[in-house]
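Every chain is numbered from 1 and lettered A, B, ... according to where its sequence line falls, protein lines coming before strand lines.
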Amino acid sequence: MNPLSSADTTDETAEAPADEAVETVEVDERRQAVVDQFTELLGDAVVQSHIRPGDDVWIRVTRDAWATTADVARNRLGFTFFDFLSAMDWLPSPFGRDMDAQEDTSGAVAVDDADASPGEADADAGPVALETGYAGGDTRFQLLARVYDVRNHIGVTFRADLPDDDLAAPTWSTTYLGADWHEREVREMFGINFIGHPHMVNLYLPGEFEGYPLRKDFPLLARRVKPWPGIVDVEQMPTDGDEDAGDLRCRRRCRRQ
Amino acid sequence: MAKLDGEQVVRCEPIPGYMHRGYEKLCEVRTYPQVTTLVNRIDWLGSFANEVPFILAAEKLMDVEAPPRAQVIRTILFELSRLGNISLFLGDLGIQLGGLTIGFYAFRDREFVLNQIESATGGRFHPNFDRIGGIKDDLPKGWIAETKRAMDRIRRLCDEFEELVLGNEIFAARTRGVGVIPSDVALSYGMSGANLRATGVDWDLRRDACPPGLSYDLADWKVWTHPDGDSYARTWVRLQEVRESTHIVDQLLDSIPSGPIMAKVPRIIKVPAGEAYVATENPLGEMGYYVVSKGDLVPFRVKIRSASFNNISVVPWVSRGVIIPDLITIMASLYFILGDIDR
Amino acid sequence: MGLVESGKMPKPLTTLLSLSRKYSLWVYQWGLACCAIEMGSAFASPRYDVMRLGVIPFPASPRQADLVVISGTVTDKMAPAVKRLYDQMPDPKYVISMGSCANCGGPYWDSYSVTKGVDQIIPVDVYVPGCPPRPEALLEGIILLQERIGTEDMSKRWRGEPIVVS
Ligand code: SF4
């Protein structure tokens, strides 16, 4: 299990992107050029970036520059195709493993602690270290958006941190018209407000719905009431290696327990 | 919901959400193999095509690649689901415009494609056949010849459609110049697939950004575009796509390599930590999965970028000032699937 | 019709009535999700041809329908509409729930926005299992329903006695 390139690194900024490039040696010039262009045009607003060579590029900007980023991307750099806009909640699930995989109802948590990723195991032991993805992040909520350049066939994923006490961001819907619905969806699912959005009403859920379903602390009630009814065929193997011999036996053992 | 002024639409705002099933949340509580069962049902007409980008994203994170035979079979099934999907579009368009005949034709010929999908995968609709690192089973005996015959049927359906609908004066009068979407608006709304190509943007993910795991480069085919951006153009592009797709299938059927159909993957699939976005050109347009993994059995977050959601968000823009009958052709030609909008 | 009002009906009349009701089911298609397409194949495609069973799938509104096929996922947002549809139908009315979703929530059993079974909102006569059920399965469901209609004592129904499923 290789750790996330920039896991809980909040203060080191420059290292993270280099990280993977060193490993694979190959340097993606096209994508590096994209990052350079954005850094040039946005200045300090670019907090961090990450490139996976030959594949994708992530750029983290500050929240204040969120709208400017869209403007620069679409009108200056030719990223005219709007892909999607969404958000991330990096809080590890407070329900322990029973929300994550149905084979572990709360009692079995201890078994799994060993190989559950750090920060997830002791979810309810006070404030946990958030583990964020590529291009880092310091806050629980992050915006996530992707735009594409259809002429040069290159896409960029943007993210921006949102402080917990003020979940709001400037709207993109004036730049990318399609962001309209996506922002309504994010508002509904995460409770993140978009300033300047023309028509902020619920898109999906009936009006009386309470809570923000995609937040990690939103419980799926059906799952709380009743564990997965099907037969458990995804249990953990103690050994990773020889499959055939150990497999069946361990399966039986697990079921007997 | 539409605000009208006489017969003119002042503002029309679709109200989605009647089919919202909370996919993104449900994906967070299912293991990777279980997610494919679920995502089948997003765009229910082209089910197999929904599994593929998710599987490819997981493969990318795990750094495995399906063996060539599996890749080709995967591509064939991908195209078959496109045929099953768009041939119903052709019929549906006829029904919306009052010509029931073509609807029956489409349902009839679509069965041949579904039969092929069923005999290969076991499911008419929701095959759940794609696996991380390959596909579940090999093709049955005699399948290749049968499929070729089915492709002939579909090509004949296309000819019939061309004569019955596209060549029809009424159809042309009702669709030409109706619901014109310029390319910059289409891009800014994130429209994709045939809707985008009908505005003159020459962009097809199968050709331009084909993710590893699909083998479109083995076939010789063409991306069709149309400069007009109106309802007629959208229909026309889709029709050509169906034709092109049958040719892709025909060529790939001749070039299935021999070999295994599964790469070596562990029994218990744990995907290493990381993030990946993989999009493919689905029947409705670009469908992508943004998968965030924390090295667990289940994805940490899956953002589903479905095509219809973006395609339909253009409706308030395009429907200003049109008259009600035109709205019907616009909606029909934009072609959406409820589940794909709401997820 | 005086006999009917007093709640009694001669046997031959009942049989005749049932027979005619059985083979002229006007069915309203309430297609919601993937299953709707299979219902479409069953009702509209020449291969499965539902009309040979005496089922007429083209009523203009639920007010003219005897039978409604709820096929697909019923979400909480959609539920009031389903209820309203059912209330609009004239008695006697029958409901077929098609697909796992309409039966019990199906693959979305743990979702926050899906109604776990349409029978929480309206009474269901026949459940057709499957995800999606094949068109043949739906036809079988219709035949089951017809059998039931055939043996049903109409006068009981008019008197408002509960219907016992045998
Ligand atoms: S039962 Fe299956 S096929 Fe039918 S609507 Fe539900 S998910 Fe779709």
- Of the backbone (N, CA, C, O) and the side chain (C-beta and beyond), which part of A:T157 lies under 4.5 Å from a heavy atom of chain B, both, or neither? side chain

- Task: Taking all non-hydrogen atoms of both residues into account, name the closest pair between A:L85 and B:K303 and its distance.
- Result: O-NZ, 4.3 Å

- Do A:Y148 and B:Y277 have ring centres separated by under 6.0 Å? no

- Note on the structure: The reported gap from CG in A:L177 to CH2 in B:W317 (rounded to nearest 0.5 angstrom) is 8.5 Å

- Item | Reported CD-to-CE distance for the pair B:E275 and A:M88, which is rounded to 0.5 angstrom | 6.5 Å

- Note on the structure: One option among B:S188, B:G190, B:A186 has the most heavy-atom pairs under 4.5 Å with chain A, and it is B:S188

- By salt bridge (Lys or Arg N to Asp or Glu O under 4.0 Å), B:R131 pairs with (sequence neighbours left out) none

- Task: Quickly, which of B:V314, B:I312, B:N310 forms a side chain to side chain contact (heavy atoms under 4.5 Å, CB included) with A:W181? Name it, please.
- Result: B:I312

- Which heavy atom of B:S192 sits nearest a heavy atom of A:F81, and at what distance? CB-CZ, 4.1 Å

- Starting at CZ of B:R305, measure out to CZ of A:R146 and round the result to the nearest 0.5 Å. 10.0 Å

- Rounded to the nearest 0.5 Å, how far does CZ of B:F309 lie from NE2 of A:H182? 5.0 Å

- Decide yes or no for B:E24 and A:E185: does some side-chain heavy atom of the first lie under 4.5 Å from some side-chain heavy atom of the second? yes

- Item | Which portion of A:D180 sits near chain B, non-hydrogen atoms under 4.5 angstrom | neither

